[in-house]
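In what follows, a structure is listed as structure tokens, so that the remarks can point back to it.
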Amino acid sequence: MKYWLLKSEPDTFSITDLKARPRRTEHWDGVRNYQARNYIREMQKGDHAFFYHSSCAEPGVVGTVTVVSDPYPDFTAFDPHNPHYDPKSTPDHPRWFMVDVRHDKTFRNTVGLQQLKECRELTGFALLNRGNRLSIMPVTASQWRFINSLAGEGA
DNA sequence: GCCAACGTTGGC
DNA sequence: GCCAACGTTGGC
């Protein structure tokens, strides 16, 4: 089982939105970056991920989700009316993939980006790498436990 | 295959 | 809104 971090702008789709979905589950669509796509293809049902809010007043890790599907083609790429439409991705030869994620928990307090930066334990954490703009990145088991402990939620 | 131009991300 | 950083595009 692996661990991940998923970024989203809360104005577009927040952890509260996910929790409000039927079965607290939604597909994680719209990833259009090859490196992030490759991470999605490594995901397996049962993996866990942090939900990260970006481009907002308080950027940081706001909770956790569970991956509840294996990767499958991102059908929003096939829809000419979708903002993430990509004519080069077809049902026969899909270029982009997604998984379904289910809300697990919302932290009582956001673990802020600033707080993460101050932790020696998180040296090397992908999120903190200079200039990192990836919307999906891997998290190690020890990083997973540590950030959960920062949230005061155990792991 | 190089690289300049352009678009996007995301913290501040 | 600014700007650094990075990815993508497209001419050559």
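Proteins come first, then strands; the chains are lettered A, B, ... in the order of their sequence lines, and each starts at number 1.
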Side chain of A:N38, backbone of A:Q35: donor and acceptor closer than 3.5 Å? no
Strictly distance-based, threshold 3.5 Å: is any side-chain N or O of A:D47 a donor or acceptor partner for the main-chain N or O of A:K2? yes
For A:S69, does its backbone N or O pair with a side-chain atom of A:D100 as donor and acceptor, under 3.5 Å? no
Go through the structure and list residues passing ring pair (Phe, Tyr, Trp, His ring centres under 6.0 Å) with A:Y39, not counting sequence neighbours. A:W4
Does the A:N33 side chain pair with the main chain of A:A36, one donor and one acceptor, at a distance under 3.5 Å? yes
Look for any protein N or O under 3.5 Å of an N or O in nucleotides 5-12 of chain B and output each such pair with its distance, or none.
residue, atom, partner, partner atom, Å
B:dT8, O2, A:R133, NH1, 2.4
B:dG10, OP1, A:K7, NZ, 2.7
B:dG10, OP1, A:R133, O, 3.0
B:dG11, OP1, A:Y52, OH, 2.8
B:dG11, OP2, A:S55, N, 2.8
B:dC12, OP1, A:K117, NZ, 2.9

Just verifying a value: how many Å separate A:L113 CG and A:E118 CD, rounded to the nearest 0.5 Å? 10.0 Å
Under a 4.0 Å heavy-atom cut-off, which of residues 27-42 of chain A touch DNA chain B? none
When the axes are fitted on five pairs at both termini, how much does the helix from B:dG1-C:dC12 to B:dC12-C:dG1 curve, in 10° steps? 10°
Do you know which of A:T25, A:T64, A:L18 makes side chain to side chain contact (heavy atoms under 4.5 Å, CB included) with A:H103? A:L18
Kindly compute the distance separating CG (A:L116) from OH (A:Y52), expressed to the nearest 0.5 Å. 7.5 Å
Could you name each residue pair satisfying salt bridge (Lys or Arg N to Asp or Glu O under 4.0 Å) that touches residues 62-85 of chain A, not counting sequence neighbours? A:R32-A:D74
Short question: side chain of A:T66, backbone of A:V68 - any donor-acceptor pair under 3.5 Å? no
With rounding to the nearest 0.5 angstrom, report the CE to CH2 distance, A:M98 to A:W28. 13.0 Å
Among A:Y72, A:F13, A:W96, A:F75, which one satisfies ring pair (Phe, Tyr, Trp, His ring centres under 6.0 Å) with A:H27? A:F75
Please list, in numerical order, the residues of residues 74-94 of chain A that have a heavy atom closer than 4.0 Å to any atom of DNA chain C. none
